[in-house]
Structures are given as structure tokens and as C-alpha cells.
Amino acid sequence: MTSARALVALLAIAVLAAGLPACGAVTGADHDPPVQAPEPGDEIPGDSIYNLDLPLVDQDGRRLVLADLAGHPIVAAMIYSACTTVCPRVTQEMKAVEAQLSAAGRQDARFVLFSLDPGRDTPRALREFAAAHRLDLSRWRLVAAPEDEVRTLSAVLGVKYKLEGNGEIAHSALIAVIDRRGVVRHRQLGYTQDPRALLAAVGGVM
């Protein structure tokens, strides 16, 4: 089985690509090139992301590691709190999935937003983002990794991003479904008004 670090190396070629939509200019956000997006239900080869020794801090200032998220199906994305276009839309897509899960599914699933901008995404900024989008923090967790680990995390999830000179971050609108063991099972790239594929992917890991 390939190691978690090998998985990072495999996916890193998709990271930091040019031509991505910045959060202040979303033209083309629906048409980013695919990032190794398999069909729903297909397993993406590689070890669990929980094998990565990656420290995190959540919206309440609590310290954790990726492995602390294990044990639940996870719907995850990478955002930053100052974003006003792409990130709110991605968050709304995730909320649409949350709303359509059964009561048992909502209790089991977790929704995780990883920061692309840990320098500015303090716990307070993440809490304010959660409040602005009415996220239920019994199911949602907003976390930031050290700045030098953002590239590692984005490679594992398959998110392309590029820092812009104006402080914005160009990034792909990608939502990942991760099983209880930390294997990424599905990626949705771009926006859609139909959450059925994501719902099917979440159902497949419950």
C-alpha cells in the first residue's frame, strides 16, 4: 500500500495551478479542469489521510490532529473566511447535503472546512464565518493547519490553489467525501444545484 506521503506526492501535481478562480473573481469557477475526480463510489487509491501527522487548530482554539476526525463520514472542503464568493457557495453546497441527510445520517456525518489562509483564519475568524453561515458546530468543524502544511493538505484533498498579490486566494471549488478510515472516496469539482451525487457518495461511506 502506498504511504500517505506518497499520496501527497501523487496529488501535488494538481496543486498551485494557474487559471483558478479567485474569491473576488469567480469567472470560470464551474469549469475548472478535473482534479482526479473519480466516479461516485470509486475508491481513490492511497492510505488514510489520518496517517499524516498534521496539527490543526479549530474554531474554538482547540488543538487536534487529523486522526482526531476519524470515525465519522466526512464532507470536507478548503475555504478561507475572507472569501466572499467561491467559499460561501461551497459552504452552501455542503449545507444542502446536510439538510437532505436522514436524522441518523446528520447525527453521524461531520462537515469540515479546512483553511487555505491560516495566517488570517484565527479561531475568532473561523467562528465568525460559522456564525455568518449558520453552521451547526455540533456537526461542523472549521480548522486551520500551519501555513507550511497547507500545501500538503490541499494535495491530499485534491484542491488547487494559488496566492494572489491582492491577498485573495485563487482556488478550485472542490468538495471531498472521506470515509471513516480517512480514505477520500469522492470529489465534486465545481458548483451544482443537484446534491444527489454528493448525497450518494456520503451514503456510500456511512
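Computation of the quantities below employed the complete heavy-atom set of this structure, encompassing side-chain atoms and omitting hydrogens, waters and symmetry-equivalent molecules. Here the structure is a predicted model, which is why all the values come from computation and not from measurement.
For the pair Ala99 and Arg106, the tightest heavy-atom approach, listed with the atom from each and the gap, is O-NH1, 3.6 Å. Contact between Arg187 and Val156 at its shortest, heavy atoms only, is NH2-O, 3.0 Å. Considering all non-hydrogen atoms of both residues, Pro118 and Ser115 come closest at N-OG, 3.5 Å. Minimum heavy-atom separation, Gly190 to Gln188: O-NE2, 3.4 Å. The minimum heavy-atom distance between Met206 and Gly105, with the atom names listed, is CE-O, 3.3 Å. The two atoms that bring Leu174 and Leu157 nearest to each other are CD2-O, 3.6 Å, heavy atoms only.
With rounding to the nearest 0.5 angstrom, the NE2 atom of His171 is 4.5 Å from the SG atom of Cys83. Distance check: Leu113 CG to Ile79 CD1 gives 5.0 Å after rounding to the nearest 0.5 Å. Here the CE atom belonging to Met78 is positioned 15.0 Å from the NZ atom belonging to Lys160, to the nearest 0.5 angstrom. How far CG of Asn166 is from CD of Glu168: 4.5 Å, rounded to the nearest 0.5 Å. Atoms CG and OG1, from Asp53 and Thr152 in turn, are 11.5 Å apart once rounded to the nearest 0.5 Å. Interatomic distance, Gln100 CD to Leu199 CG, rounded to the nearest 0.5 Å: 5.0 Å.
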Take Arg89 and Glu93 through the test salt bridge (charged side-chain N to carboxylate O under 4.0 Å, His left out) and record every step on the way to the result.
CA-CA 6 Å; Arg89 288 186 66 177; Glu93 291 259 328; over 6 Å; no
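Partner of Asp58 under the salt bridge (charged side-chain N to carboxylate O under 4.0 Å, His left out) criterion, chosen from Arg127, Arg124, Arg141: Arg141. Considering Leu69, Val183, Ile74, Val205 in turn, Ile74 is the only one that fulfils the side-chain contact (heavy atoms from CB on, under 4.5 Å) rule with Ile178. When each of His133, Gln59, Lys95 is tested with Trp140 by the rule side-chain contact (heavy atoms from CB on, under 4.5 Å), just one qualifies, namely Lys95. If you run side-chain contact (heavy atoms from CB on, under 4.5 Å) between Pro73 and each of Asp108, Val177, Leu101, Asp179, only Asp108 comes through.
Hydrophobic clustering, with ILVMFWY side chains joined whenever heavy atoms are under 4.5 angstrom apart, groups Leu137 together with Val75. Linking Ile, Leu, Val, Met, Phe, Trp and Tyr whenever their side-chain heavy atoms come within less than 4.5 Å puts Leu64 and Leu66 in one cluster. By the rule that hydrophobic residues join a cluster once side-chain heavy atoms approach within less than 4.5 Å of another member, Leu116 and Val57 end up as members of separate clusters.
Side-chain atoms of Phe114 and Val159, non-hydrogen and from C-beta on, never get closer than 4.5 Å to each other. Contact annotation: the side chain of Phe129 never approaches that of Asp121 to less than 4.5 Å [non-hydrogen atoms, C-beta and beyond]. Put simply, the side chain of Leu135 does not reach to within 4.5 Å of the side chain of Phe111, judged on heavy atoms.
Between the Tyr80 side chain and the Ile169 main chain, a donor and an acceptor come within less than 3.5 Å of each other. No donor-acceptor pair closer than 3.5 Å links the side chain of Asp60 to the backbone N or O of Arg62. Judged by distance alone, the side chain of Ser81 and the main-chain N or O of Leu126 form no donor-acceptor pair under 3.5 Å. Although no hydrogens or angles enter the test, the distance criterion places no donor-acceptor pair under 3.5 Å between the side chain of Arg139 and the main chain of Ala109.
Atom CD of Gln107 has 12 or fewer heavy atoms from other residues, nucleotides or ligands within 6.0 Å.
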